[in-house]
Amino acid sequence: TLPRRKDICERYDAAFAKDPRFIPPVLKDTGREGSYHLYMLRVAAATEGQRDAIITAIAKRAVSVNVHFIPMPMLSLYKGLGYRMEDYPNTYKQYSREISLPVYYDLTDEQVDIVIAALKEAVQEVMG
């Protein structure tokens with residue numbers, strides 16, 4: 001399954017790496033390599049509201065994406081302990097523009113292309 005997930009992520013990288021609207025995740029560097037189980041793409045100029053609108057526009061195209069990580073200060077337990085999202089501006093910035101794309105071993109190349117097209121169309125629709 002790892003080789004297939006890696007192929008999917010590389011297909012996403014090829015689609016988004018040279019498009020300034022997107023910030024692809026770093027899945028490999030000189031000293032380490034991820035397991036390719038997540039592809040957490042960021043829309044460079046998106047606000048949280050725009051990101052949510054993009055996700056809705058993608059869903060209208062029958063593609064399912066989500067936001068994988070919610071910062072701890074946004075969770076009830078941590079809010080109750082006094083953590084404030086305002087104290088973590090970089091964490092919020094990363095969260096507010098992140099969309100996790102599907103990566104599972106039996107996703108076909110054609111389905112990956114559908115995800116890519118739906119995302120690009122949705123970003124254009126929402127952000128112009």
Side-chain angles (χ1 to χ4, degrees):
T1 61
L2 175 61
R4 179 61 189 146
R5 290 193 318 259
K6 185 174 181 179
D7 288 345
I8 292 166
C9 290
E10 288 173 348
R11 195 170 190 88
Y12 286 145
D13 278 347
F16 301 119
K18 293 183 178 162
D19 188 328
R21 298 176 298 171
F22 304 106
I23 303 168
V26 175
L27 299 171
K28 182 178 182 180
D29 62 23
T30 57
R32 58 198 165 164
E33 183 171 7
S35 64
Y36 300 95
H37 72 291
L38 294 174
Y39 195 88
M40 296 172 25
L41 184 70
R42 285 169 286 152
V43 181
T47 64
E48 183 179 4
Q50 288 170 321
R51 187 266 327 265
D52 292 347
I54 292 166
I55 290 172
T56 298
I58 292 169
K60 289 178 184 173
R61 291 165 170 83
V63 172
S64 181
V65 298
N66 63 32
V67 177
H68 196 78
F69 292 109
I70 310 249
M72 291 184 349
M74 295 179 87
L75 303 174
S76 302
L77 172 69
Y78 293 93
K79 282 182 190 176
L81 293 172
Y83 288 88
R84 299 173 336 121
M85 196 68 249
E86 299 82 19
D87 295 333
Y88 304 92
N90 189 50
T91 300
Y92 178 75
K93 181 179 179 183
Q94 302 312 317
Y95 155 78
S96 67
R97 56 191 181 157
E98 185 267 321
I99 299 173
S100 294
L101 305 184
V103 179
Y104 52 92
Y105 74 93
D106 59 349
L107 194 66
T108 67
D109 286 348
E110 293 78 21
Q111 290 170 321
V112 172
D113 291 344
I114 290 168
V115 171
I116 291 166
L119 179 67
K120 288 183 174 186
E121 290 167 8
V123 168
Q124 182 64 34
E125 178 184 314
V126 171
M127 300 183 72

Across all chains, not counting sequence neighbours, the salt bridge (charged side-chain N to carboxylate O under 4.0 Å, His left out) partners of Arg61 are Glu121, Glu125
Check: Heavy-atom distance under 4.5 Å between the side chains of Phe16 and Ile116, does that happen here?
Finding: yes
Ile54 side chain near Val43 side chain, heavy-atom distance below 4.5 Å = yes
So the salt bridge (Lys or Arg N to Asp or Glu O under 4.0 Å) pairs with at least one residue in residues 65-83 (sequence neighbours excluded) are none
Do Tyr88 and Met72 land in one hydrophobic cluster if side-chain heavy atoms of ILVMFWY residues count as linked below 4.5 Å? yes
Q.
Hydrophobic clusters here meaning ILVMFWY residues chained together by side-chain heavy-atom distances under 4.5 Å, can you tell me if Tyr92 and Met40 are in one?
A. no
Residues 52-82 vs ring-ring contact (aromatic ring centres under 6.0 Å, His included), sequence neighbours excluded, gives Tyr78-Tyr83
Closest heavy-atom pair, Pro20 versus Ala44, reported as atoms and distance to 0.1 Å, is O-CB, 3.6 Å
Contacts of Glu110 meeting salt bridge (charged side-chain N to carboxylate O under 4.0 Å, His left out) (sequence neighbours excluded), chain-then-number -> none
Rounding to 0.5 Å, atoms CD (Gln111) and CG (Leu107) come to a distance of 5.0 Å
Contacts of Glu10 meeting salt bridge (charged side-chain N to carboxylate O under 4.0 Å, His left out) (sequence neighbours excluded), chain-then-number -> none
Contacts of Gln94 meeting side chain to side chain contact (heavy atoms under 4.5 Å, CB included) (sequence neighbours excluded), chain-then-number -> Arg42, Asn90, Arg97
Tell me, do Met85 and Tyr95 make a side-chain contact under 4.5 Å, heavy atoms counted?
no
Here the gap from Ile58 atom CD1 to Asn66 atom CG, rounded to the nearest 0.5 Å, amounts to 10.5 Å
Across all chains, not counting sequence neighbours, the side chain to side chain contact (heavy atoms under 4.5 Å, CB included) partners of Asp19 are Arg21, Phe22, Lys120
- Message: Would you say that Leu41 contacts Leu119 through its side chain, given a criterion of any heavy-atom pair below 4.5 Å between the two side chains?
- Response: yes
Residues at least two apart in sequence or cross-chain that pass side-chain hydrogen bond (donor to acceptor under 3.5 Å, both in side chains) with Asp106, listed by chain then number, are none
Sorted by chain and number, sequence neighbours left out, side chain to side chain contact (heavy atoms under 4.5 Å, CB included) with Arg84 holds for Glu86, Asp87
Here the salt bridge (Lys or Arg N to Asp or Glu O under 4.0 Å) pairs for residues 66-75, sequence neighbours left out, are none
Exercise for review: Determine whether Ile23 and Ile99 fall in the same hydrophobic cluster, where Ile, Leu, Val, Met, Phe, Trp and Tyr are linked whenever their side-chain heavy atoms lie under 4.5 Å apart.
Suggested key: no
- Query: Cluster question for you: counting only ILVMFWY and a side-chain heavy-atom cut-off of under 4.5 Å, with indirect links fine, are Leu2 and Leu27 together?
  - Reply: yes
Do Pro102 and Val65 have side-chain heavy atoms sitting under 4.5 Å apart? yes
Contacts satisfying ring-ring contact (aromatic ring centres under 6.0 Å, His included) that involve residues 26-45 (not counting sequence neighbours) are Tyr12-Tyr39
Pro24 and Ala17 have their tightest heavy-atom pair at CG-CA, 3.8 Å
Separation between OG1 (Thr56) and CG (Asp52), nearest 0.5 Å, reads 7.0 Å
Sorted by chain and number, sequence neighbours left out, salt bridge (charged side-chain N to carboxylate O under 4.0 Å, His left out) with Asp113 holds for Arg11
**Asked** Out of curiosity, does Ile8 fall in the hydrophobic cluster containing Leu38 (side-chain heavy atoms, cut-off under 4.5 Å, transitive links)?
**Response** no
